[in-house]
2 protein chains.
Amino acid sequence: MKYSKQRELILKTLQEHMIHPTADYIYEVLKKELPSISLATVYRNLNQLAENGMIKKIEGLNGSVHFDHNLSKHYHFICTKCNKVYDVPYDVAPDLANKVLSKTGLIIESYDISFKGVCLECHKKEFH
Amino acid sequence: MKYSKQRELILKTLQEHMIHPTADYIYEVLKKELPSISLATVYRNLNQLAENGMIKKIEGLNGSVHFDHNLSKHYHFICTKCNKVYDVPYDVAPDLANKVLSKTGLIIESYDISFKGVCLECHKKEFH
DNA sequence: ATAAAAGTGATAATGATTATTATTATTGTT
DNA sequence: AACAATAATAATAATCATTATCACTTTTAT
């Protein structure tokens, strides 16, 4: 994988946004810093970074695809009002791969939990 | 919700296939029984049944959408070779909504766990 | 039997993602 | 520093699953 300024900026943008952005969101942010960047470049690099294990692809609402730069074990909370994705600590459900193995015999390669609800921010907004 | 033969057949087909089929899969199966059925009708009814809480929408690999007629609490295992979806019993991780509430304060409306790996059937095939 | 409401089939439209391609940037080697 | 080679880019066309549209049909209650 050869260096490129675009990829560096894409990764930096992903790291700076806590909400687990989509490709399009990153594109909209980066356009201000590098107006010549192409949406295809954002998609290409995010997929490449994910294939190389440097970031993770996560599923949002309605089949939307979000990205996560945090490689440590954790889960996700998706707000059904604003679609933002937040982290949920791993210890709410530790060691699930082994539990599934012992209960079903299935060998788990990976898994994710996506919790859904209304985030604190959106919850506040409901009362003005 | 008014009765329709199409909807009845769609639900029946979903119930008869353990693999948690996609809209397109159900369409391909039903075409044999009711050749005049339209793919749009399959999509329309599956979404409607899901909105009315009679079935559930679940996320497969690569953003594909599958459906589940089983409303009881359970999780899913998605085979990364054949894309079939299997059930995983609830007791591998019970009471997660409360655990998340007590650890984070977030109120969970729903959640799903999708485990990924190679299913037994595909695992066997690897050795002919 | 009838009229309102909901459903259907066919197909066009949508929208997110991917493929294509001519051009440009990076890298290791002389 | 100049040189291939190789990978990456920008722009845009293509793809594909899903949804919207609409003229027509079926269901349902009266």
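Keep in mind that what you see is a predicted model, and the values were worked out from it rather than measured. Below, chain A is the first sequence line, B the second, and so on; all start at residue 1. Just the heavy atoms: all of them, side chains too, but no hydrogens, waters or symmetry mates, feed the values below.
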Rounding to a whole Å, what distance do you find between [X]:[atom1] and [N]:[atom2]?
| X | N | atom1 | atom2 | value |
| --- | --- | --- | --- | --- |
| E59(B) | dA17(D) | CD | P | 17 Å |
| I37(B) | dT25(D) | CD1 | P | 18 Å |
| L46(A) | dT9(D) | CG | C1' | 15 Å |
| Y27(A) | dG15(C) | OH | P | 16 Å |
| L34(A) | dA25(C) | CG | P | 12 Å |
| Y25(A) | dT17(C) | OH | P | 16 Å |
| L61(A) | dT18(D) | CG | P | 16 Å |
| L39(A) | dT15(D) | CG | C1' | 15 Å |

Next on the checklist: Taking the ring of Y25(B) and the ring of H66(B), is the distance between their centroids below 6.0 Å?
Outcome noted: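 Ring centroids of H66(B) and Y25(B) are no less than 6.0 Å from each other.
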[X] side-chain N/O to [N] phosphate OP1/OP2 under 4.0 Å:
| X | N | answer |
| --- | --- | --- |
| Q48(A) | dA7(D) | no |
| N47(B) | dT19(D) | yes |
| N62(B) | dT17(C) | no |

Once you apply a heavy-atom cut-off of 4.0 Å, does [X] come out as touching a base, just sugar-phosphate, or nothing?
| X | result |
| --- | --- |
| N45(A) | sugar-phosphate |
| Y43(A) | base |
| A23(B) | nothing |
| S36(B) | sugar-phosphate |

Compare the minimum distances between each of [options] and the side chain of [X], then state the nucleotide with the smallest one.
| X | options | value |
| --- | --- | --- |
| Q6(A) | dT9(D), dT18(C), dT19(D) | dT9(D) |
| S4(A) | dA8(D), dA20(D), dT18(D) | dA8(D) |
| S38(B) | dT9(D), dG7(C), dG9(C) | dG9(C) |
| R7(A) | dA10(D), dG9(C), dA8(D) | dA8(D) |
| V65(A) | dG9(C), dT17(C), dT27(D) | dT17(C) |
| M1(B) | dT26(C), dG7(C), dT17(C) | dG7(C) |
| K2(B) | dT9(D), dA10(C), dA6(C) | dA6(C) |
| R44(B) | dT12(D), dG7(C), dA8(D) | dG7(C) |
| T41(B) | dT27(C), dT18(C), dG9(C) | dG9(C) |

Checklist entry - Would the number of heavy atoms belonging to other residues, nucleotides or ligands and lying under 6.0 Å from CD of E121(B) be above 12? => result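 No - once you tally the heavy atoms of other residues, nucleotides and ligands closer than 6.0 Å, there are 12 at most.
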Next on the checklist: If you count every heavy atom of other residues, nucleotides or ligands that lies below 6.0 Å from K56(A) atom NZ, does the total exceed 12?
Outcome noted: no
Next on the checklist: If only side-chain N and O atoms count, and only distance matters, is there a donor-acceptor pair under 3.5 Å linking N70(B) with S72(B)?
Outcome noted: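 A donor-acceptor contact under 3.5 Å links the two side chains.
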Item to check | Inter-residue atom distance I19(A).CD1 - C79(A).SG, 0.5 Å rounding | outcome: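 Rounded to the nearest 0.5 Å, the CD1-SG separation comes to 11.5 Å.
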Next on the checklist: Return whichever of K5(B) or G63(B) has its heavy-atom-nearest nucleotide of DNA chain D closer to the 5' end.
Outcome noted: G63(B)
Checklist entry - Between K73(A) and Y90(A), which heavy-atom pair has the shortest distance, and what is it? => result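 So the two residues come closest at O-CB, 3.2 Å.
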